[in-house]
Peer 1: 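Pasting a structure below so you can have a look.
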Amino acid sequence: KIQEVKAVSQLKVLAKGVQCKEDAENAVRNGADALWVTNHGARQLDTVLTTLEMLPEVAEVGRKHRVPVVLDGGIMRGSHVFKAIAMGADAV
């Protein structure tokens, strides 16, 4: 579907909801221009990983394929922004 959207719109497509390496690889393989790590506020499950816990393996895929990684959620203070960038996020 990503390729279809890109063909019709000529826009960049960010894959939102990427939570693991497999999600990231699949998104890139299908043409995603960026990976967006989010757990959607962790409202679905009490046991879902935090975005900072998900970030390292997604960032590894981003670096490998030279695809930017965006992180949202779980940022409570400014120091979390710096930690996320140090862990591989390109934008927070």
Peer 1: Side-chain atoms of residues 74-92: list all donor-acceptor pairs with protein atoms under 3.5 Å, sequence neighbours left out, distances to 0.1 Å.
Peer 2:
{"unit_1": "His80", "atom_1": "ND1", "unit_2": "Met76", "atom_2": "N", "d": "2.9"}
{"unit_1": "His80", "atom_1": "ND1", "unit_2": "Arg77", "atom_2": "N", "d": "3.4"}
{"unit_1": "Asp90", "atom_1": "OD2", "unit_2": "Val69", "atom_2": "N", "d": "2.8"}

Peer 1: Working to the nearest 0.5 Å, report the span between CG of Leu71 and CE of Met54.
Peer 2: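 Going from CG on Leu71 over to CE on Met54, the span is 9.5 Å.
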Peer 1: Looking only at heavy atoms, what is the nearest atom pair of Gln19 and Asp23, with distance?
Peer 2: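 Scanning both residues, the minimum pair turns out to be N-OD2, 3.1 Å.
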Peer 1: Holding to salt bridge (charged side-chain N to carboxylate O under 4.0 Å, His left out), I want the full list of residues that pass it with Glu22, two or more places apart in sequence or in another chain.
Peer 2: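 By the salt bridge (charged side-chain N to carboxylate O under 4.0 Å, His left out) rule, Glu22 matches no residue at all.
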Peer 1: Please identify each residue that fulfils side-chain contact (heavy atoms from CB on, under 4.5 Å) with Arg66, with sequence neighbours left out.
Peer 2: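 In terms of side-chain contact (heavy atoms from CB on, under 4.5 Å), with neighbours along the sequence ignored, Arg66 is linked to no residue.
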Peer 1: Decide yes or no for Thr38 and Lys16: does some side-chain heavy atom of the first lie under 4.5 Å from some side-chain heavy atom of the second?
Peer 2: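 Yes, their side chains come closer than 4.5 Å.
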Peer 1: Verify the distance criterion only: is there a donor paired with an acceptor across the side chains of Asn39 and Thr51 at less than 3.5 Å?
Peer 2: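 There is no such pair (donor and acceptor under 3.5 Å, judged by atom type) between the side chains of Asn39 and Thr51.
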Peer 1: If two hydrophobic side chains count as joined below 4.5 Å and joins carry through other members, does Leu55 share a cluster with Trp36?
Peer 2: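 No; Trp36 is not reachable from Leu55 via cluster members.
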Peer 1: Residues two or more places apart in sequence or in another chain: which of them pass side-chain contact (heavy atoms from CB on, under 4.5 Å) with Val67?
Peer 2: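 Once residues adjacent in sequence are excluded, the partners of Val67 under the side-chain contact (heavy atoms from CB on, under 4.5 Å) criterion are Val28, Leu35, His65.
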Peer 1: Could you tabulate the donor-acceptor pairs under 3.5 Å formed by side-chain atoms of residues 1-14, not counting sequence neighbours?
Peer 2:
{"unit_1": "Gln3", "atom_1": "NE2", "unit_2": "Asn30", "atom_2": "O", "d": "3.4"}
{"unit_1": "Lys6", "atom_1": "NZ", "unit_2": "Gly31", "atom_2": "O", "d": "2.9"}
{"unit_1": "Lys6", "atom_1": "NZ", "unit_2": "Asp33", "atom_2": "OD1", "d": "3.0"}
{"unit_1": "Lys6", "atom_1": "NZ", "unit_2": "Asp33", "atom_2": "OD2", "d": "3.3"}
{"unit_1": "Ser9", "atom_1": "OG", "unit_2": "Val5", "atom_2": "O", "d": "2.7"}
{"unit_1": "Ser9", "atom_1": "OG", "unit_2": "Leu11", "atom_2": "N", "d": "3.1"}
{"unit_1": "Gln10", "atom_1": "NE2", "unit_2": "Ala7", "atom_2": "O", "d": "3.2"}

Peer 1: Please enumerate all residues that pass salt bridge (charged side-chain N to carboxylate O under 4.0 Å, His left out) together with Glu57, with sequence neighbours excluded.
Peer 2: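 Not a single residue meets the salt bridge (charged side-chain N to carboxylate O under 4.0 Å, His left out) criterion with Glu57.
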Peer 1: Output the distance between atom CD (Glu25) and atom SG (Cys20), rounded to the nearest 0.5 Å.
Peer 2: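 With rounding to 0.5 Å, CD (Glu25) is 10.0 Å from SG (Cys20).
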